[in-house]
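Structure, as structure tokens:
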Amino acid sequence: MNAAIWALVVSCVLWGTTGTAASFFPDAVSPLAIGASTMTLGGALLFVVSRRAALGVIRDRRVRGWLVAAALGMVAYPLAFYASMDLAGVAIGNVVSLGSGPLFAAVLEWRVHRRRLTARWMLSAGIAITGMALLVAGGHGDGSPVDAAGIPLGVALGLVAGAGYALFTFASGIVIRAGHSGRGTMGAAFGLAALPLAVVLLAIGGPLLAAPASIGIALYLAVGPMFLAYLFFAVGVRALASSTVTVITLLEPLVATLLAVLIVGERLEIAGWVGLALILAGVTVLSSARQPRSER
């Protein structure tokens, strides 16, 4: 139990470093190239370590459509995620991307499985949307390296990232419930997503490969927050109740925000801090409504 909790904490800390690590790339490196390199390398690694099970998932015609949907979600997610952090800042881009995911997941369940949106979902969505509005209206303060003019588009791309991740989790969940292992499903979806992203990387990744330091950062993002974090995450979710997992994963945006302030030098206005807090509060309310209570 303790090992599973710590494994999940490690995965959240690794995920929380993505924006800060990406901030050290030269300005010439596109955030799209960063997202493409992370998923191409990390996705290839995940496919290789689970290739037998992943190939079994790919060959299963019953779930092929949902597998492709999961892969498409993972194509959209890293491109929009890193672009969001580039425009709106590490703190705002990270929290909007992660905070909007559960909201989009609930909408998918409503549309596909006809699960009605509860009053608690409406409340949590309203809280989170209010928080996002505060981020757009008054996110970064004086002295912050983030250009306030880019925040609205950055928030919009964060919503795209959240929708992509929600599609990935929703579709991969259907594949797993069809009888496939979680590791095989992840390997198949990430491996398929790596193919089109490799094309993006080849097209615009030249500046990323121009300096050894940039290559080192790209390797860290692929091996750390992408490959190792998902292996640790798999250990945690096997042993813990989903309600516990949801609470612990809120560490990720907290770590990302603290690193953005302490290392990157981002400065948020009071409205920005209130907005971040409201998004996290909305996600917490939603998670407590949709996740079963732990029986441990």
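Positions are given from 1 along the sequence. Owing to the predicted nature of the structure, the values given are computational and were not obtained by experimental measurement.
Thr38 is not listed as a side-chain neighbour of Pro225, based on a closest heavy-atom distance of 4.5 Å or more. At least one side-chain heavy atom of Leu14 sits less than 4.5 Å from a side-chain heavy atom of Tyr220. Residues Val57 and Arg64 have side chains not in contact (no heavy-atom distance under 4.5 Å, counting atoms from C-beta outward). Here the side chains of Tyr82 and Leu221 are in contact, with some heavy-atom distance below 4.5 Å. The shortest side-chain heavy-atom distance between Asn94 and Thr18 falls under the 4.5 Å cut-off.
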| query | For Leu157 and Met85, what are the C-alpha separation, side-chain angles and deciding distance, and is it a side-chain contact (heavy atoms from CB on, under 4.5 Å)? | reply | CA-CA 9 Å; Leu157 288 170; Met85 290 190 295; over 6 Å; no
| Hey, mind stepping through Trp15 and Phe232 against ring-ring contact (aromatic ring centres under 6.0 Å, His included) and telling me if it holds? | CA-CA 11 Å; Trp15 286 331; Phe232 279 115; over 10 Å; no
| request: Could you walk me through whether Val90 and Leu259 pass the side-chain contact (heavy atoms from CB on, under 4.5 Å) test, one step at a time? | output: CA-CA 9 Å; Val90 174; Leu259 290 177; over 6 Å; no
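In this structure Tyr165 satisfies the ring pair (Phe, Tyr, Trp, His ring centres under 6.0 Å) test together with Tyr77, Phe168, sequence neighbours excluded. A search for side chain to side chain donor-acceptor pair (under 3.5 Å) contacts involving Arg51 returns nothing, not counting sequence neighbours.
Listed for the Ser50 side chain is no donor-acceptor partner under 3.5 Å among the backbone atoms of Ala53. Side chain of Glu266 to main chain of Ala91: a donor-acceptor pair is present (N/O by atom type, distance under 3.5 Å, no hydrogens or angles).
The CG atom of Leu55 lies 5.5 Å from the CD1 atom of Ile58; values are rounded to the nearest 0.5 Å. In this structure, CG on Asp86 lies 7.0 Å from CD1 on Ile34, to the nearest 0.5 angstrom. Interatomic distance, CG of Leu201 versus OG of Ser37, reported as 6.0 Å (0.5 Å rounding).
The ring-ring contact (aromatic ring centres under 6.0 Å, His included) contacts involving residues 88-118 comprise His113-Phe170, where partners must be two or more places apart or lie in separate chains.
When hydrophobic clusters are built by joining Ile, Leu, Val, Met, Phe, Trp and Tyr residues whose side-chain heavy atoms come closer than 4.5 Å, directly or via intermediates, Leu202 is not grouped with Met39.
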